[in-house]
**Q** 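Questions regarding the structure given below will be posed in turn.
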Number of protein chains: 2
Amino acid sequence: MDAYQTIKESIIIGKYRPGMRLTEEFLAGELNVSRTPIREVLKQLESEGLLTPLRRGMIVRSFSKEDIRQIYDLRTLLEGYAAGQAALFRTPTDLQQMREANRLYEQVMDQKDPEEISSILKIVRANQHFHEAIHVASHNEHLRFHISKVVVLPLVFQSFYWYDRLERIRSLESHQTILEAIENRDSERARIAMHEHIYQGRDKVLKHLDELSMEDLKEGKND
Amino acid sequence: MDAYQTIKESIIIGKYRPGMRLTEEFLAGELNVSRTPIREVLKQLESEGLLTPLRRGMIVRSFSKEDIRQIYDLRTLLEGYAAGQAALFRTPTDLQQMREANRLYEQVMDQKDPEEISSILKIVRANQHFHEAIHVASHNEHLRFHISKVVVLPLVFQSFYWYDRLERIRSLESHQTILEAIENRDSERARIAMHEHIYQGRDKVLKHLDELSMEDLKEGKND
DNA sequence: CTCAATTTAATTGTATACAAAAAATGTGTG
DNA sequence: CACACATTTTTTGTATACAATTAAATTGAG
């Protein structure tokens with residue numbers, strides 16, 4: 001795995017926590033490369049919105065509730081549109097890809113150690129496959145390109161991290177609903193179903209944030 | 001002006017034409033800096049979609065008619081949404097900024113030498129000011145961030161380059177229509193007016209491309 | 001002891017050298 | 001003359017040194 005993927009994944013899974021400062025030298029040491037390739041990775045991750053530039057160096061971006069609302073509003077808009085377009089323009093191959101992605105999701109849905117990070121990552125990736133199959137099926141390269149930048153993987157990871165078995169099943173079911181709408185060329189239905197599906201993920205992240213701040217209050221961590 | 005702005009503007013105004021190959025060494029010589037800062041600029045411009053990576057080096061991206069349709073569909077979706085949100089959440093300051101931008105546009109609209117590149121750039125910037133004022137007024141940082149990446153400046157430049165006086169006036173008028181809707185907190189009206197306004201720009205670019213290929217046909221340049 | 005000024009350390013920005021990879025050129029053979 | 005193969009040149013990727021900038025620590029005055 002190259003430097004970009006390694007650092008990105010560390011941010012996604014929270015090994016580098018929000019607010020943590022990342023210096024070029026530190027990362028260069030961590031990955032045993034010089035600062036030159038690290039610099040490029042940092043610039044890249046900044047443009048993806050995963051890092052916030054400081055006057056000196058970068059910190060891992062943290063997302064407020066308002067950030068999450070805004071990001072997910074955007075996702076519903078763009079991915080909803082993509083689902084609608086996919087319903088209009090999908091090819092048989094596109095449909096096959098979506099079905100395949102859902103099969104994969106079913107396989108990895110309940111694994112031995114569902115708390116393990118690598119298990120969560122597998123589920124996240126299967127989920128991504130389905131969504132990306134729809135983006136491809138929209139047959140709009142630019143839409144695809146920009147959606148990939150709107151989707152903030154650390155948040156997606158979080159929502160799946162906190163999903164229990166029932167919620168995973170419900171997520172798969174909504175995938176099936178979206179898929180059916182696209183099969184039936186029902187554009188508006190596909191858009192709305194995707195809209196709702198994404199808001200479910202948003203609500204999970206928001207709810208978890210609430211629970212966290214509740215606990216903080218109990219423990220008197222109100223600073 | 002720094003390396004990033006210099007190179008970006010050269011692409012926008014077409015000094016570096018679509019398809020032209022840009023090597024690090026060439027640009028380093030051109031701007032009298034070393035390759036290091038140039039590399040970062042190239043990566044940045046690639047992520048903005050202005051450059052296409054080759055196996056070795058980059059070429060200036062060229063946009064097909066299909067690209068243009070897709071890009072402008074995205075713009076209508078996002079900027080339309082932004083206009084709608086602006087109608088709901090705008091503050092008095094926001095409105096002031098929009099009015100100010102339109103005043104500026106009126107000032108630079110008919111200048112001495114309207115064919116001159118710097119004149120066109122002034123109009124493009126005034127136009128940008130109005131649009132950005134709306135993005136700010138939507139009070140959604142993430143929406144703003146992503147719209148800035150969806151708007152492809154070389155295409156905006158082109159559409160204004162080919163606008164005649166009447167079309168510039170019409171463009172200002174549609175700004176006024178959008179502004180009124182936002183003043184009246186008429187969200188849906190603002191969204192639709194913005195939608196239509198952006199499609200006008202798209203059509204100009206597409207029409208000009210048509211005229212170009214017509215001329216090519218006449219001159220027997222069908223290769 | 002507190003705060004400002006100055007010094008010191010940490011960190012990024014840029015240039016440059018060299019290694020690695022790809023593209024272009026040249027050469028010989030059928 | 002076309003084409004495969006070897007050679008040269010171009011161009012990018014990485015490491016590293018040093019300059020410029022910012023943050024941290026220290027010192028001294030009030």
Side-chain angles (χ1 to χ4, degrees), chain A residues 1-12 14-64 141 145 148-149 152-154 223, chain B residues 1-12 14-63 141 145 148-149 153-154 223:
Chain A
M1 199 155 59
D2 63 358
Y4 170 76
Q5 286 300 332
T6 309
I7 295 174
K8 186 170 178 180
E9 190 165 302
S10 295
I11 295 171
I12 291 174
K15 182 183 160 196
Y16 300 152
R17 298 211 136 66
M20 177 175 173
R21 186 165 174 219
L22 298 177
T23 65
E24 296 177 3
E25 213 168 352
F26 166 73
L27 292 170
E30 201 84 343
L31 306 187
N32 281 99
V33 290
S34 81
R35 279 174 47 219
T36 312
I38 296 291
R39 288 177 67 73
E40 304 201 340
V41 171
L42 290 181
K43 278 274 161 70
Q44 183 68 33
L45 292 172
E46 180 197 343
S47 92
E48 292 178 29
L50 258 42
L51 297 177
T52 308
L54 245 43
R55 252 202 294 185
R56 215 94 227 247
M58 303 269 186
I59 58 171
V60 178
R61 171 151 199 180
S62 59
F63 296 96
S64 68
E141 276 306 308
F145 177 78
S148 76
K149 307 216 156 185
V152 179
L153 269 337
D223 48 271
Chain B
M1 198 154 59
D2 63 358
Y4 170 75
Q5 285 299 334
T6 310
I7 294 173
K8 185 170 179 179
E9 190 165 303
S10 294
I11 295 171
I12 291 174
K15 183 183 160 195
Y16 300 152
R17 296 212 136 66
M20 177 175 173
R21 185 165 175 219
L22 298 177
T23 65
E24 296 176 3
E25 213 169 351
F26 166 74
L27 292 170
E30 200 86 343
L31 306 187
N32 280 100
V33 290
S34 80
R35 278 173 48 218
T36 312
I38 296 290
R39 287 177 68 73
E40 303 201 340
V41 171
L42 290 182
K43 277 275 162 70
Q44 183 68 33
L45 292 171
E46 180 197 343
S47 92
E48 292 179 29
L50 258 42
L51 297 177
T52 308
L54 243 44
R55 252 201 295 184
R56 216 92 227 251
M58 303 270 186
I59 58 171
V60 178
R61 170 151 200 179
S62 59
F63 297 95
E141 276 305 309
F145 177 78
S148 75
K149 307 216 156 187
L153 269 337
D223 49 90

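Numbers restart at 1 for each chain; the letters A, B, ... are given by sequence-line order, proteins then strands.
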**Q** Could you check whether any side-chain heavy atom of A/Leu42 comes within less than 4.5 Å of a side-chain heavy atom of A/Leu27, counting everything from C-beta outward?
**A** yes
**Q** Kindly indicate whether the side chain of B/Ser47, heavy atoms from C-beta on, has any atom under 4.5 Å from the side chain of A/Lys149.
**A** yes
**Q** What contact category does A/Thr36 fall into here, base, sugar-phosphate, or nothing, at under 4.0 angstrom with non-hydrogen atoms?
**A** base
**Q** Considering only heavy atoms from C-beta outward, does the side chain of B/Gln5 approach that of B/Glu9 to under 4.5 Å?
**A**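 Result no, sub-4.5 Å side-chain heavy-atom pair not found.
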**Q** Any side-chain heavy-atom pair from A/Thr6 and A/Val41 closer than 4.5 angstrom?
**A**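 The answer is no, as the side chains (C-beta and beyond) never meet within the 4.5 Å cut-off.
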**Q** Kindly say whether A/Leu50 contributes a backbone atom to a donor-acceptor pair with the side chain of A/Lys8 at under 3.5 angstrom?
**A** no
**Q** In whole Å, what is the span from the CZ atom of B/Arg39 to the P atom of C/dT12?
**A** 19 Å
**Q** For A/Arg35 and C/dA10, give me the distance from atom CZ to atom P, rounded to whole Å.
**A**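 It works out to 15 Å between those atoms.
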**Q** From the list C/dG13, C/dA20, C/dT11, which nucleotide is the closest neighbour of the side chain of A/Arg56?
**A** C/dT11
**Q** Measure the distance from CG on B/Leu54 to C1' on C/dA22 and round it to the nearest whole Å.
**A** 11 Å
**Q** Can you give the first and last nucleotides of DNA chain D, 5' to 3', that have an atom under 4.0 Å from a heavy atom of chain B?
**A**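 Here the contact window of chain B covers D/dT11 to D/dT14.
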**Q** Passes side chain to side chain contact (heavy atoms under 4.5 Å, CB included), B/Ile59 versus B/Leu22? Steps please.
**A** CA-CA 6 Å; B/Ile59 58 171; B/Leu22 298 177; over 6 Å; no
**Q** If each of A/Arg55 and A/Ser34 is mapped to the nucleotide of DNA chain D with the nearest heavy atom, which maps nearer the 5' terminus, i.e. the 5' end?
**A** A/Ser34
**Q** Take the protein atom CD1 of A/Ile38 and the nucleotide atom P of C/dT11, then report the distance between them rounded to whole Å.
**A**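 The answer, rounded to whole Å, is 15 Å.
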